[in-house]
Amino acid sequence: HPVWARWIAGLLMLFTGMSVGRLTVRYNLYSVGTCLAIPLYGAIACGLAVGGDCLTTFAASALLALATKNFCRSYCNGFGFDAIFRASLYLGLLPLVAPAALPLLLLLPLAVQLFRRTLRELTVALAGVLLPLFVLCYINWGAGGDFAAPLLLLGRLLTCGPLPTPEALLPLPKLLFAGAAIVLGLLSTLFVFADRYAVGTKPRFILLFACITLILACGSLCSPAATAETVTLLAVPVTLLLPFLFVRVRRPIATPLYAALLAVAVANVILQ
């Protein structure tokens with residue numbers, strides 16, 4: 001059902017952009033009131049997306065955004081069982097949608113450490129991250145298959161086959177845009193570390209979480225299971241970091257850069 005898939009993918013893109021934008025405003029990540037993350041997510045996601053399996057592309061991106069949002073919610077006084085369980089559940093679903101995203105499961109111990117969660121919350125988080133895979137194995141076993149077959153298949157996808165080359169993942173124009181997005185994300189990371197005390201404690205740790213998410217998302221592209229759809233996972237951490245750069249550079253630099261991102265996104269939509 002390609003038409004339904006495109007409509008659902010478009011709604012998922014809007015939902016993910018709004019979720020990321022609300023997260024940045026709620027925690028005041030940039031010490032100024034801005035909703036810049038919402039259009040930036042649309043521009044970067046459209047610039048990275050490749051025609052084909054668009055539903056898988058934006059479903060994986062939405063799961064990563066929801067996991068990030070709920071991990072940030074778990075950073076609170078007292079217990080955050082509900083938020084950390086939801087975050088872990090979305091994170092556990094992510095490799096089932098995009099197998100190459102398995103390295104992003106390292107976000108779970110990172111969030112527990114950064115956001116100072118307790119051992120009981122870690123136990124709940126582990127239950128949440130393992131639940132989707134357990135349910136899939138149970139359904140496969142109930143249908144007459146081997147209980148461990150989904151695990152073995154996931155392992156083969158991640159270890160068998162040649163490593164993807166950049167030109168095999170994306171066509172050249174999108175490859176250049178992906179490289180530019182990664183460079184901007186890393187540049188924003190440098191700004192975060194250089195000016196980290198300009199924001200409060202909670203925004204500082206959330207931005208650090210986004211920086212490590214960007215590194216793990218880049219690492220997921222080095223797996224044999226990496227596809228063109230996996231590249232769109234970069235849109236979430238880059239969108240969280242990029243406004244930190246935009247609000248701190250001079251307007252003659254920020255305005256043309258923002259216009260260029262929008263122009264690439266519009267051109268990509270038209271050419272699709």
Side-chain angles (χ1 to χ4, degrees), residues 16-17 19-38 40-41 44 61-80 83-88 90-92 94 101-119 121-122 125-126 128-129 181-222 232-249:
T16 306
S19 297
V20 173
R22 288 184 63 190
L23 186 154
T24 62
V25 173
R26 178 178 181 179
Y27 298 105
N28 193 23
L29 294 188
Y30 317 118
S31 70
V32 294
T34 176
C35 295
L36 191 58
I38 298 176
L40 280 177
Y41 175 80
I44 295 170
S61 186
L63 286 172
L64 180 57
L66 287 170
T68 303
K69 172 185 173 183
N70 282 279
F71 275 132
C72 295
R73 278 185 57 209
S74 72
Y75 190 12
C76 59
N77 295 324
F79 293 113
I84 202 165
F85 179 80
R86 288 171 182 261
S88 303
Y90 294 131
L91 196 62
L94 185 57
L102 190 66
L104 289 168
L105 292 182
L106 293 174
L107 291 175
L108 174 57
L110 171 68
V112 171
Q113 180 65 29
L114 272 182
F115 301 151
R116 301 171 186 174
R117 298 298 89 200
T118 64
L119 185 59
E121 287 169 305
L122 174 60
L126 290 175
V129 79
I182 293 173
V183 169
L184 288 173
L186 295 176
L187 186 60
S188 302
T189 300
L190 294 178
F191 270 77
V192 168
F193 279 98
D195 205 14
R196 59 188 180 277
Y197 293 111
V199 295
T201 303
K202 183 177 288 189
R204 189 187 315 146
F205 281 108
I206 292 174
L207 288 169
L208 178 59
F209 183 81
C211 294
I212 301 177
T213 303
L214 175 61
I215 295 171
L216 292 176
C218 292
S220 68
L221 301 178
C222 302
T232 315
L233 291 173
L234 294 169
V236 174
V238 171
T239 301
L240 286 173
L241 293 169
L242 202 51
F244 196 92
L245 172 66
F246 272 102
V247 300
R248 281 164 174 78
V249 298

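Remember, predicted model here, so these are calculated numbers, not experimental data. One is the number of the first residue; the rest follow in order along the sequence.
- Considering only heavy atoms from C-beta on, Leu23 comes within 4.5 Å of Leu29 through its side chain.
- No side-chain heavy atom of Leu122 sits less than 4.5 Å from a side-chain heavy atom of Arg117.
- Considering only heavy atoms from C-beta on, Val192 stays 4.5 Å or farther from Leu208 through its side chain.
- With a 4.5 Å cut-off on side-chain heavy atoms, Leu91 and Leu66 do not count as touching.
- Atom CD1 in Ile182 sits 6.5 Å away from atom CG in Leu221 (nearest 0.5 Å).
- To the nearest 0.5 angstrom, Ile206 atom CD1 is 11.0 Å from Thr201 atom OG1.
- Considering CG of Leu216 and CG of Leu106, their distance stands at 5.5 Å, rounded to 0.5 Å.
- Atoms CZ and OG, from Phe79 and Ser74 in turn, are 13.0 Å apart once rounded to the nearest 0.5 Å.
- In the model, Tyr90 has no side-chain atom that pairs as donor or acceptor with a side-chain atom of Thr68 under 3.5 Å.
- Nearest heavy-atom pair across Leu240 and Tyr30 is O-OH, 2.6 Å.
- Residues Leu234 and Leu214 have side chains in contact (heavy-atom distance under 4.5 Å, counting atoms from C-beta outward).
- Taking all atoms of both residues into account, the shortest heavy-atom contact from Ile38 to Gly21 is CG1-CA, 3.5 Å.
- Across all non-hydrogen atoms, the minimal contact from Ile84 to Ala125 is CG1-CB, 4.0 Å.
- Contact annotation: the side chain of Lys69 never approaches that of Arg26 to less than 4.5 Å [non-hydrogen atoms, C-beta and beyond].
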- Task: With side chain to side chain contact (heavy atoms under 4.5 Å, CB included) as the test, would you mind laying out the steps for Val112 and Glu121 before giving the verdict?
- Result: CA-CA 8 Å; Val112 171; Glu121 287 169 305; over 6 Å; no

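- Cation-pi geometry between Arg248 and Phe244 is satisfied (NZ or CZ under 6.0 Å from the ring centre, within 45° of the ring normal).
- A pairwise comparison of heavy atoms in Ala235 and Tyr41 identifies CB-CE1, 3.8 Å as the closest pair.
- The nearest pair of heavy atoms linking Leu233 to Ser61 is CD2-N, 4.0 Å.
- Residues Gln113 and Leu110 have side chains not in contact (no heavy-atom distance under 4.5 Å, counting atoms from C-beta outward).
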- So Val199 and Asn28, side chain to side chain contact (heavy atoms under 4.5 Å, CB included) or not? Walk me through it. CA-CA 8 Å; Val199 295; Asn28 193 23; over 6 Å; no

- Message: Pair Arg116, Cys76 - check side chain to side chain contact (heavy atoms under 4.5 Å, CB included), show working.
- Response: CA-CA 9 Å; Arg116 301 171 186 174; Cys76 59; over 6 Å; no

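- Note that CG of Leu190 and SG of Cys211 are 9.0 Å apart. Values are rounded to the nearest 0.5 Å.
- Residues Ala210 and Pro237 share a closest heavy-atom pair of O-CB, 3.6 Å.
- Note on residues 185-209: pairs passing ring pair (Phe, Tyr, Trp, His ring centres under 6.0 Å), not counting sequence neighbours, are Phe71-Phe209, Phe115-Phe209.
- For the pair Lys202 (side chain) and Tyr75 (backbone), a donor-acceptor distance under 3.5 Å is present.
- With rounding to the nearest 0.5 angstrom, the OG1 atom of Thr189 is 10.0 Å from the CD1 atom of Ile212.
- Using a 4.5 Å heavy-atom cutoff, the side chains of Thr24 and Thr34 are not in contact.
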- Task: Please test Thr213 against Leu107 for side chain to side chain contact (heavy atoms under 4.5 Å, CB included), starting from the C-alpha separation and ending with a verdict.
- Result: CA-CA 7 Å; Thr213 303; Leu107 291 175; 3.4 Å; yes

